[in-house]
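All values reported here derive from a predicted model rather than from experimental measurement. Hydrogens, waters and symmetry mates play no part in the numbers below; they use all other heavy atoms, side chains included.
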Amino acid sequence: MVPLLLPSSPIHSFPATPKLSFRSKPRPIIRAAAGLEVDSFTKKSGYLFQLSAFEAESLLDYSPSRIAAIYRRKPLILLRRLIQVGTTFGKWFGVRYIDNLMERSDQMFKVRAAELRKILVELGPAYIKIAQAVSSRPDLIPPSYLDELSLLQDRITPFSTEVALDTIEKELGLRIDELFSEISPEPVAAASLGQVYQARLRRSGQVVAVKVQRPGVQAAISLDILILRFLAGVVKKAGKFNTDLQAVIDEWASSLFREMDYRKEADNGLKFRRLYGGLKDVFVPNINMEHTTRRVLVMEWVEGQKLSEVKDLYLVEVGVYCSFNQLLENGFYHADPHPGNLFRTFDGKLAYIDFGMMGEFKQEFREGFIEACLHLVNRDFDALSKDFVTLGLLPPTAEKEAVTKALTGVFQDAVAKGVRNISFGDLLGNLGTTILAVLEGIAISSDPNYKVLGSTYPWIAKKVLTDSSPQLKSSLQALLYKSLRARTEKALVKIQREEANSRVVFKEILYFTLTEKGSFVREILIEEFAKEVNGVGNPNNNQSAYLEESSLLSYQPALVSEILAMLSIIPELPPELQQQLLRLPADLARRLISRASARTIQRIFL
């Protein structure tokens with residue numbers, strides 16, 4: 001029986017290959033024989049694939065000690081891999097050096113970029129994963145290298161379809177014709193860990209994506225991580241780094257091992273769909289758990305185009321909003337959002353695929369992240385240095401004054417020009433590249449001036465105002481004190497007209513201040529009014545110096561226009577908020593009476 005082949009997908013075009021026929025008995029494993037075309041990874045690094053069943057089972061989870069124990073018994077393979085990696089990269093860097101000596105670097109740039117991509121594919125998944133992370137930042141990588149490295153996202157040379165179909169049958173325990181009524185003759189995409197086929201489930205008729213793991217990846221990644229971990233230890237000792245480079249490798253390796261277990265990816269996908277699938281213009285495909293195993297994953301097919309190819313800034317904004325929800329609302333985020341994993345569906349939604357690498361953003365990091373954004377925008381570089389320690393971007397032993405000075409030098413000019421001039425990648429370094437900096441990179445390709453922080457700062461501010469976290473409320477109060485006190489010393493830099501309509505901003509601030517969630521802001525304002533009135537009534541008391549330093553209110557002509565603008569908005573407020581506004585004078589009077597009573601008692605007894 002010959003199945004109907006699915007038509008070409010708008011995302012990928014299927015190669016013109018002979019139709020596959022289903023066999024009545026299980027398909028034997030296809031071995032690489034003379035004359036049989038194999039992918040370059042298998043051809044160059046296939047000697048790594050051989051692990052015993054016991055060894056493979058012991059590496060289901062990442063364990064440096066177990067990996068080391070296995071390769072202590074295989075010293076020749078370890079030596080061969082070291083020589084292969086060293087000579088391969090050494091040769092490439094050598095010809096780059098010669099190009100520089102012969103002053104032909106510019107002419108050979110594209111050629112060397114293509115050679116580097118081929119080298120990474122031959123060496124395998126560990127090196128491809130590193131390159132994928134680098135390829136997400138077009139503002140950091142030269143265009144020629146970016147073009148080549150972007151091919152590593154889903155256009156790596158596929159392995160044999162015969163091997164892939166045999167893997168599916170072995171993992172699911174059924175023949176291909178019992179599982180699917182149609183299947184593509186060749187993979188529609190091939191990545192570092194596996195490749196994807198388009199198929200139609202026989203039982204339900206649903207069109208699905210079938211991901212099959214590349215043979216040999218577990219053994220290759222294990223050995224390469226062992227080598228990288230050793231080199232990290234050498235570099236740390238030679239360079240006297242404060243950062244524990246081996247711990248960084250271990251964290252990355254742990255996520256990579258989890259990614260190699262498609263059952264964990266399926267669980268991640270279901271959780272991601274539950275948390276974010278309901279957001280406006282966000283699409284998360286469903287996972288078919290019945291047909292998912294450790295090496296095979298079946299999920300709903302996504303029709304569309306790569307987000308990086310359509311230049312849709314609206315969907316970039318949707319992705320940024322979804323990413324901030326991932327980081328700041330639930331703390332469960334997509335940790336591998338390279339351009340190959342973000343699609344624009346034909347009905348205009350942002351689709352996420354590939355849930356192998358997910359991250360957990362702890363509550364203290366969420367709050368530290370928000371505080372870092374607030375402190376940066378308000379140029380509190382001393383506090384920003386503490387935030388960087390909280391986020392793990394700087395060691396606790398870092399010299400505070402030196403860090404503050406360095407941050408001031410890096411960000412001061414950009415902040416002075418406005419929030420929109422701050423790059424998210426610059427703000428949070430490696431933390432940013434995992435999720436939001438990828439979207440920033442996609443947007444930069446069509447709008448060089450785009451900055452994630454500039455478009456999302458209002459969202460961050462709203463999050464701070466409405467969050468119930470005591471730490472964030474404390475940070476906001478401190479920020480309000482510092483910001484408003486600065487008005488007594490120097491007029492604030494005028495808000496750029498293109499960033500916001502001042503009347504709209506005033507209305508939103510006033511609206512929030514008068515709601516139940518804004519009660520703590522009213523408390524701050526009433527307290528400051530009380531301090532000011534108290535200071536005016538008692539000019540000679542001991543509080544005068546304190547008031548001079550800390551009072552948020554002073555007589556400034558610069559504030560008059562803003563106050564008038566706020567008063568003009570009052571008639572537009574709902575009646576219940578107008579009533580709340582009318583209660584403020586009574587609240588102030590009670591605060592003044594309370595302060596006066598306290599002062600009287602102090603005079604009597606002290």
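For Lys264, the salt bridge (charged side-chain N to carboxylate O under 4.0 Å, His left out) test picks out Asp61, with sequence neighbours left out. Judged as a salt bridge (charged side-chain N to carboxylate O under 4.0 Å, His left out), and not counting sequence neighbours, Arg72 has no contacts.
Side chains of Asn288 and Leu201 form a contact here, defined as non-hydrogen atoms less than 4.5 Å apart. Looking at heavy atoms from C-beta onward, Val318 lies in side-chain contact with Leu315 at the 4.5 angstrom threshold. Counting only heavy atoms from C-beta outward, the side chains of Ile156 and Ile128 approach each other to under 4.5 Å. The closest side-chain heavy-atom distance from Tyr127 to Leu120 is below 4.5 Å. At least one side-chain heavy atom of Ser40 sits less than 4.5 Å from a side-chain heavy atom of Val121. Using a 4.5 Å heavy-atom cutoff, the side chains of Arg273 and Asn286 are in contact. Here the side chains of Leu123 and Phe41 are not in contact, with every heavy-atom distance at 4.5 Å or above. Residues Leu165 and Ile183 form a side-chain contact, since some pair of their non-hydrogen atoms from C-beta on lies under 4.5 Å apart.
Gln246 places a side-chain N or O within 3.5 Å of a backbone atom of Arg229 that can act as its donor or acceptor partner. Side-chain N or O atoms of His334 include one that pairs as donor or acceptor with a backbone N or O of Asp354 at under 3.5 Å. In terms of modelled atom types and a separation under 3.5 Å, the side chain of Gln218 and the main chain of Leu59 share a donor-acceptor contact. Judged by distance alone, the side chain of Glu122 and the main-chain N or O of Ser45 form no donor-acceptor pair under 3.5 Å. Not one N or O on the side chain of Thr88 forms a donor-acceptor pair closer than 3.5 Å with the backbone of Val85. Proximity of a side-chain donor or acceptor of Thr292 to a complementary backbone N or O of Arg263 within less than 3.5 Å is not detected. Between the side chain of Thr42 and the backbone N or O of Gly46 there is no donor-acceptor pair closer than 3.5 Å. No donor-acceptor pair closer than 3.5 Å links the side chain of Glu169 to the backbone N or O of Arg175. Of the possible polar contacts, one joining the Thr87 side chain to the Gln84 backbone as a donor-acceptor pair under 3.5 Å is found. Side-chain atoms of Thr293 come within 3.5 Å of backbone N or O of Val296 as a donor-acceptor pair.
Contact check on Glu115 versus Arg112 returns a salt bridge, with a Lys/Arg side-chain nitrogen under 4.0 Å from an Asp/Glu carboxylate oxygen. Using a 4.0 Å cut-off between charged side-chain N and carboxylate O, Lys74 and Glu55 make a salt bridge. By the 4.0 Å N-to-carboxylate-O rule, Glu309 lies too far from Arg344 to be salt-bridged with it. Taking 4.0 Å as the cut-off between side-chain N and carboxylate O, Glu290 and Arg203 count as a salt-bridged pair. Between Glu259 and Lys129 a salt bridge is recorded (basic side-chain N to carboxylate O distance below 4.0 Å).
Between Phe332 and Phe272, the ring planes lie tilted relative to each other; the angle falls in the 30° to 60° range.
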I'd like to know whether Tyr145 forms a ring pair (Phe, Tyr, Trp, His ring centres under 6.0 Å) with Phe109, so could you lay out the CA-CA distance, the side-chain angles of the two residues, the decisive distance to 0.1 Å, and finally the verdict. CA-CA 8 Å; Tyr145 282 85; Phe109 214 66; 5.0 Å; yes
From CA spacing to verdict: salt bridge (charged side-chain N to carboxylate O under 4.0 Å, His left out), Lys211, Glu265: CA-CA 11 Å; Lys211 183 157 74 169; Glu265 178 176 350; 2.9 Å; yes
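Between Val282 and Tyr276, the shortest heavy-atom distance links the atoms CG1-O, 3.5 Å. Annotation for Gly194 and Tyr262: closest pair CA-OH, 3.9 Å, computed over non-hydrogen atoms. Closest of all the heavy-atom pairs between Ile225 and Ala253 is CD1-CB, 3.3 Å. Taking both residues in full, the closest heavy atoms of Ala209 and Val196 are given as CB-CG1, 3.9 Å, listed atom of the first, atom of the second, then distance. Annotation for Ala164 and Gln195: closest pair CB-NE2, 4.1 Å, computed over non-hydrogen atoms. For Gly205 against Arg200, the heavy-atom pair with the smallest separation is O-NH1, 3.0 Å.
Residue Ile168 holds its CD1 atom at 5.5 Å from CZ of Phe180, rounded to the nearest 0.5 Å. Atom OG1 of Thr345 and atom CD of Glu303 lie 10.0 Å apart (nearest 0.5 Å).
If you check the side chains of Thr161 and Tyr197, you find a donor sitting under 3.5 Å from an acceptor. Looking at Asp250 and Tyr62, their side chains do bring a donor and an acceptor atom within 3.5 Å of each other.
At most 12 non-hydrogen atoms from other residues, nucleotides or ligands lie less than 6.0 angstrom from CZ of Phe230. By the 6.0 Å contact criterion, CD on Gln206 is enclosed, its count of non-hydrogen atoms from other residues, nucleotides or ligands being greater than 12.
The cationic group of Lys306 does not satisfy the cation-pi geometry with Phe343, failing either the under 6.0 Å distance to the six-membered ring centre or the 45° limit from the ring axis.
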